[in-house]
There are 2 protein chains.
Amino acid sequence: MNNTPTIKDVARLCGVSTQTISRVINQKPDVSPATRERILKIIKETGYQPSALARSLIQQRSFTLGVIIAGLKYEGIAKVLNGITEEANKEGYSLMLEELPNFNAIDVQPVIRSLLSHQVEAIIYAAPEIGDNWRNVRLQYPMSGPRMVFLKGSPYPGISTISVDNHLGGFLAALHLYEQGCRNIAHISGEADWWETEERLKGWKAGLEKVGLPVTSRQIVAGNWSASSGEKAFLTLLENYPEVDGIFAGNDQMALSVLHVANERGIKVPEQLKVMGFDNLAETPYYSPSLTTIRQDLRVLGIMSVKKVIEMINEPDKSSKDALPDTIILKPELIVRESTQAK
Amino acid sequence: MNNTPTIKDVARLCGVSTQTISRVINQKPDVSPATRERILKIIKETGYQPSALARSLIQQRSFTLGVIIAGLKYEGIAKVLNGITEEANKEGYSLMLEELPNFNAIDVQPVIRSLLSHQVEAIIYAAPEIGDNWRNVRLQYPMSGPRMVFLKGSPYPGISTISVDNHLGGFLAALHLYEQGCRNIAHISGEADWWETEERLKGWKAGLEKVGLPVTSRQIVAGNWSASSGEKAFLTLLENYPEVDGIFAGNDQMALSVLHVANERGIKVPEQLKVMGFDNLAETPYYSPSLTTIRQDLRVLGIMSVKKVIEMINEPDKSSKDALPDTIILKPELIVRESTQAK
DNA sequence: CTGAAAGCGCTTACAG
DNA sequence: CTGAAAGCGCTTACAG
């Protein structure tokens, strides 16, 4: 059949041993120029490509990274993955991808085992921290276990994590709304139990407290990241907290729905109500009105995760002085647009 | 060190040969119940996990699929990938992911070779068809080559493709705008040279011709999928084709910008101008006004691609009667919302 | 400069 | 019911 040639075939064709072929494809010395050239020619002719599988097995190095994600149908994680593929490509690593069936997937053990059985050299855990789910994984794989880095969740001693400072994000949001003149500021939070949800909420509360505004339960309505949940939350808010003049939504989708409902009801944004989101989706400048938001650079998060993991692979002893820290926290940034600017 | 145990370790611990272990983990007969039980116990205790690498090598089967994508930072491809991971998971296949550095990446040969060297059993090519780029890949890998299926591009004899009927989508859009009373219908097209762009454009033209409306160059402005390009295109349209009363944008992002600009300029949608997009992003019901669009189910596209590829793996002779065809074309669907409905 | 031997961690006939 | 032998496609010492 159309079997791809092996090192043996090439060796036979060249009339040398397989070791000599190996030396050539691995660019090692101790091959006469003439032999080398002849071998290279045959390799080109036959289209020979060394088996990454066989190589990984004998070298005990796969140059492959495992990536565990969840919720690819929502935005956000795709950007993280984009950063991961970019950096992995650059560094010559391949990627084995596993998507969990849902955010709350309890038993991640099988997917981790599957990745390890493929001998990935490290695992990037990019599924969100919800309740205790990270903790469980962390306990199962202590220091001695596979190399892992956790993305977008809480720092943990002795374990590598890379996250955005969501607390700061919430804080900046509250302060900005206050500065724009809002005195009745509400929050539509993300999905329950997520670390990101909690942090944004806490940061928002801290911001209100700093400027001396009260924080009551009427001001907080739970959403679940979806635009439709944002709509419901805003309607609840209009009932329970009609004096609301500023809303910080946990993400841009929910903020979009607030704009939508406000528009339908003739509530003027930003004149009567100021609205902001979180994420800075590419489309937010084109919302009506354009949306003030907290930017988080998820692509950079992905890039950092690959950098960190490769560092772990290359120097398990952390000797280097300019090594990346175990806990990396990226700063979010306020992006001001029309939806909060008093005209 | 913390080396994971191998089949040899388990065999030694059980006092049997490796073949017997192999029989147990592969659930083959010819092992006494007592031995089997003892072995299972040791496996559990040691946490032994067979090496997928070694297995793939000896069996010449990796149960791994290669996926080539591009543009993960834009929406759309993430949904395709979501469908792919879902179905691959279900069928017990692992995924090796490669993202091209950009849409126009010329030389995909190295990434295909990399995937093949990892012995993927098939490749799902989910990067868009732009100009001749697919053709080049197809020519390099004829029938005899690796199993491949191409996503979101033109059918081609003897090659597996799965696409959405973009021509029909454009056609439906034109007809709908006409039915809603528009007589001066414009199109903001997607990125140049993309197959999808061309098809939507052609379908739109065909629709206008069917209802007897003229198609002039003034009515067509090129965008590049981005919201900002949609803004520019609409401004151009307002200059060159001020009588415009209906716009079909090549995707929802560009349509969003049209709504944005219309809103800024006090152009009433849908009263003065009807607007529609393409894709049906999750947020489109919450645009202001909610957006009429052409829905394409990219997740299903991803699912189908895995089904097709596994079928190719399992029956290379295509004996089965209910086999999937080589050319699969999914139908898009009109979703009517406020942005085109005369109130 | 080149090759014979051993081995990575498995599975597949084949013997007993 | 169980094991000795060979081999998947490579690389790594070691000899010459």
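In what follows, every chain begins at residue 1, and chains take the letters A, B, ... in the order their sequences are listed. Just the heavy atoms: all of them, side chains too, but no hydrogens, waters or symmetry mates, feed the values below.
The shortest non-hydrogen separation linking Ser117(B) to Pro50(A) is CB-O, 3.4 Å. Counting all heavy atoms, side chain and backbone alike, Lys308(B) lies closest to Pro325(B) at NZ-O, 3.2 Å. For Lys152(A) against Trp134(A), the heavy-atom pair with the smallest separation is C-CH2, 3.7 Å.
Residues forming a side-chain hydrogen bond (donor to acceptor under 3.5 Å, both in side chains) with Thr85(B) (at least two apart in sequence, or on another chain): Glu99(A). By the salt bridge (Lys or Arg N to Asp or Glu O under 4.0 Å) test, Glu121(B) is found to be paired with Arg61(B), residues two or more places apart in sequence or in another chain being considered. With sequence neighbours left out, Tyr156(A) forms a side-chain hydrogen bond (donor to acceptor under 3.5 Å, both in side chains) with Arg135(A). Applying the side-chain hydrogen bond (donor to acceptor under 3.5 Å, both in side chains) test to Ser22(A) and every residue at least two apart in sequence or in another chain returns Asn26(A). Listed by chain and number, the residues in a salt bridge (Lys or Arg N to Asp or Glu O under 4.0 Å) with Lys28(B) amount to none (sequence neighbours excluded).
Heavy atoms of other residues, nucleotides or ligands lying less than 6.0 angstrom from CD of Gln60(B) number more than 12. More than 12 heavy-atom neighbours from other residues, nucleotides or ligands sit within 6.0 angstrom of CZ on Phe103(A).
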Chi angles and distances behind the side-chain contact (heavy atoms from CB on, under 4.5 Å) call for Ile69(A), Leu81(A): CA-CA 8 Å; Ile69(A) 60 175; Leu81(A) 194 53; 4.2 Å; yes
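With pairs defined as Watson-Crick or G-U wobble and both atom distances under 3.5 Å, the stems of at least three pairs that touch DNA chain D come out as C:1-3 with D:14-16, C:5-12 with D:5-12, C:14-16 with D:1-3.
Rounding to the nearest 0.5 angstrom, the gap separating the CD atom in Gln109(B) from the CD atom in Gln140(B) is 4.0 Å. Note that CG of Leu65(A) and CD1 of Ile123(A) are 9.5 Å apart. Values are rounded to the nearest 0.5 Å.
Residue pairs meeting the salt bridge (charged side-chain N to carboxylate O under 4.0 Å, His left out) criterion with at least one member in residues 8-19 of chain A, sequence neighbours excluded, are Asp9(A)-Arg12(A). For residues 41-50 of chain B, every residue pair satisfying the side-chain hydrogen bond (donor to acceptor under 3.5 Å, both in side chains) rule, not counting sequence neighbours, is listed here: Arg113(A)-Gln49(B).
Taking every nucleotide of DNA chain C with any atom under 4.0 Å from a non-hydrogen atom of chain B, the first and last of them, 5' to 3', are dC8(C) to dT12(C).
For DNA chain C, none of the residues of residues 109-118 of chain A falls under the heavy-atom distance limit of 4.0 Å. Remark: Tyr48(B), Gln49(B), Pro50(B), Ser51(B), Ala54(B), Arg55(B), Ile58(B), Gln59(B) in residues 41-60 of chain B come within less than 4.0 Å of DNA chain C through at least one heavy atom. DNA chain D is contacted by Gln19(A), Ser22(A) of residues 16-24 of chain A, taking any non-hydrogen atom closer than 4.0 Å.
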